[in-house]
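For reference, the structure discussed in these notes is given below.
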Amino acid sequence: MRHMQIRVLFFGQLKEIVGASEERAELSEGARVEDLFERYGRRFPKLAEFRGSIAPSLNQEYSDWRTLLTAGDEVAFLPPVSGG
Amino acid sequence: MRHMQIRVLFFGQLKEIVGASEERAELSEGARVEDLFERYGRRFPKLAEFRGSIAPSLNQEYSDWRTLLTAGDEVAFLPPVSGG
Amino acid sequence: MTQQSQTAAAEDIVRLVREPIDARATIELLKAPEDGALVVFDGFVRNNFKGKSTLYLEYEAYEPMAYGKMREISAYLRDHLAIDRIAIVHRLGRLEIGETSVLIAVSSAHRAAAFDACRYAIDALKRGVPIWKKEYFVGGAVWAEGEKPGQQAISAPGPSTC
Amino acid sequence: MTQQSQTAAAEDIVRLVREPIDARATIELLKAPEDGALVVFDGFVRNNFKGKSTLYLEYEAYEPMAYGKMREISAYLRDHLAIDRIAIVHRLGRLEIGETSVLIAVSSAHRAAAFDACRYAIDALKRGVPIWKKEYFVGGAVWAEGEKPGQQAISAPGPSTC
């Protein structure tokens, strides 16, 4: 099975939970956005608690948890926004 | 019958019709705002044509054509407004 | 009269002016540390009206009554909406293309009230404050078609809260 | 990315900045001779939040995505409302009390479209642009409670035309 490298970004309180704003993740082909999140949720149980209020983005567009990933994708997990 | 002096103001196109921005009018006691207007309407028939689109004011408050006048009152005949 | 008008509600700015309106100076007077939102409406002279090229405009007002009605608008909004400060400034005399004829600014803690108040104020001003505009074109001038004014424009119906 | 963002729609001003926002300079860029109305929303740092005294704020953004969504808001408004030009400027980094965090300005020939667009833009920005605010108080700091973001905030439902 081939592997793909994904760029993962964290913002706001998620960045503080993970302790990093950016990571490189390796996933098997066929992985979805939700699989990537689950991997981080296992490493950071506090992150998993936020799932219901997080919107995932894929290549700077709002995405769906079920979307399939492709090598080189940029995924971000966006906590509730508070601009303005 | 006693007479009262009324200050009468004209604005916008009414001022141009009457040729004055301010007049002093003498009316008999018991005269109403509409009586004052009718007097000017007889002098300036073009003014009379505007009656439906004019709002009268009495002492700087919107008034009614039927309101009774009192000596020293300030009446204005306000054509459609276009501030802003 | 003018002086009294300007101080009737301590923090409101209600003015008829014959010089260019200094938007920035007016706006800065409205911002207080407990506010978070400011909405401004700036109405300025367009270069055309109904397909004709405008040369310039002239505004005139029934000044004491206009002051009174502008003050009533600000008092009405203060009574009905959670706003902090309001400025209603209208210029009179000759105005060139692009110059501001009216500036309305409202500060508040939260944006909804400021938007509602600002929009209500300009609508009320246009329908209820005795001010007239004459438009000068090449070859002529006309008094702008306006609206028959009345008290209902100032204080009813309630400010839109959509 | 930034440079491209700023020129995507020729006359739109879409910016994330780290220096104080120059409201006057931004606004002057929007006024054209064929316009008659300008509506501005200025959001600035309040000195309190839920009864606590704020010391200062820090804003951060997912910058390329935030630029994209701000551009989408301006494009959406241009498609749906008779507006002329729009500016959406958000500041990032540390902001003191009273400093402007967001400035939205819209010019148009007539005021209704400018009001509708300005209000839609700030609502869409608050619900759909990836920007986060951290509030610093005496003794601590918290990330502001916000809204779960999504595309529907940017381009649906249609702008309020009430």
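All heavy atoms count here, side chains included; hydrogens, waters and symmetry mates do not. Fair warning: this is a prediction, and the values are worked out from it, not measured in the lab.
Looking only at heavy-atom pairs under 4.5 Å with chain B, the residue among P149(C), G43(C), S101(C), G146(C) that has the most is P149(C).
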In residues 21-30 of chain C, what donor-acceptor pairs under 3.5 Å come from side-chain atoms, sequence neighbours left out?
unit_1: D22(C); atom_1: OD1; unit_2: R24(C); atom_2: N; d: 3.3
unit_1: D22(C); atom_1: OD1; unit_2: A25(C); atom_2: N; d: 3.1
unit_1: T26(C); atom_1: OG1; unit_2: D22(C); atom_2: O; d: 2.8

Contacts under 3.5 angstrom, residues 72-84 of chain B side chains, donor-acceptor by atom type, not counting sequence neighbours:
unit_1: D73(B); atom_1: OD1; unit_2: N59(B); atom_2: ND2; d: 3.0
unit_1: D73(B); atom_1: OD2; unit_2: T70(B); atom_2: N; d: 2.7
unit_1: E74(B); atom_1: OE1; unit_2: R7(B); atom_2: NH1; d: 2.7
unit_1: E74(B); atom_1: OE2; unit_2: Q60(B); atom_2: NE2; d: 3.2
unit_1: E74(B); atom_1: OE2; unit_2: Y62(C); atom_2: OH; d: 2.4
unit_1: S82(B); atom_1: OG; unit_2: K133(C); atom_2: N; d: 2.9

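Using modelled atom types, no side-chain atom of Q13(B) and backbone atom of W143(C) make a donor-acceptor pair closer than 3.5 Å.
Counting heavy-atom neighbours within 6.0 Å of K148(C) NZ, excluding the residue itself, gives a total above 12.
Taking every heavy atom of both residues into account, G128(C) and Y62(B) meet most closely at O-OH, 2.6 Å.
For chain B, the nearby part of A61(C) is the backbone; its heavy atoms alone come within less than 4.5 Å. Contacts of E16(B) with chain C are made by side-chain atoms alone, with heavy-atom separations under 4.5 Å and no backbone atom involved. The contact between E72(C) and chain B is made entirely by side chain atoms (from C-beta outward), counting heavy-atom distances below 4.5 Å. Proximity to chain C (any heavy atom under 4.5 Å) is restricted, for S53(B), to the backbone atoms N, CA, C and O.
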Given the rule in the side-chain contact (heavy atoms from CB on, under 4.5 Å) test, do E61(B) and M65(C) qualify, once you have shown the distances and angles that lead to the verdict? CA-CA 7 Å; E61(B) 291 293 340; M65(C) 182 170 172; 5.8 Å; no
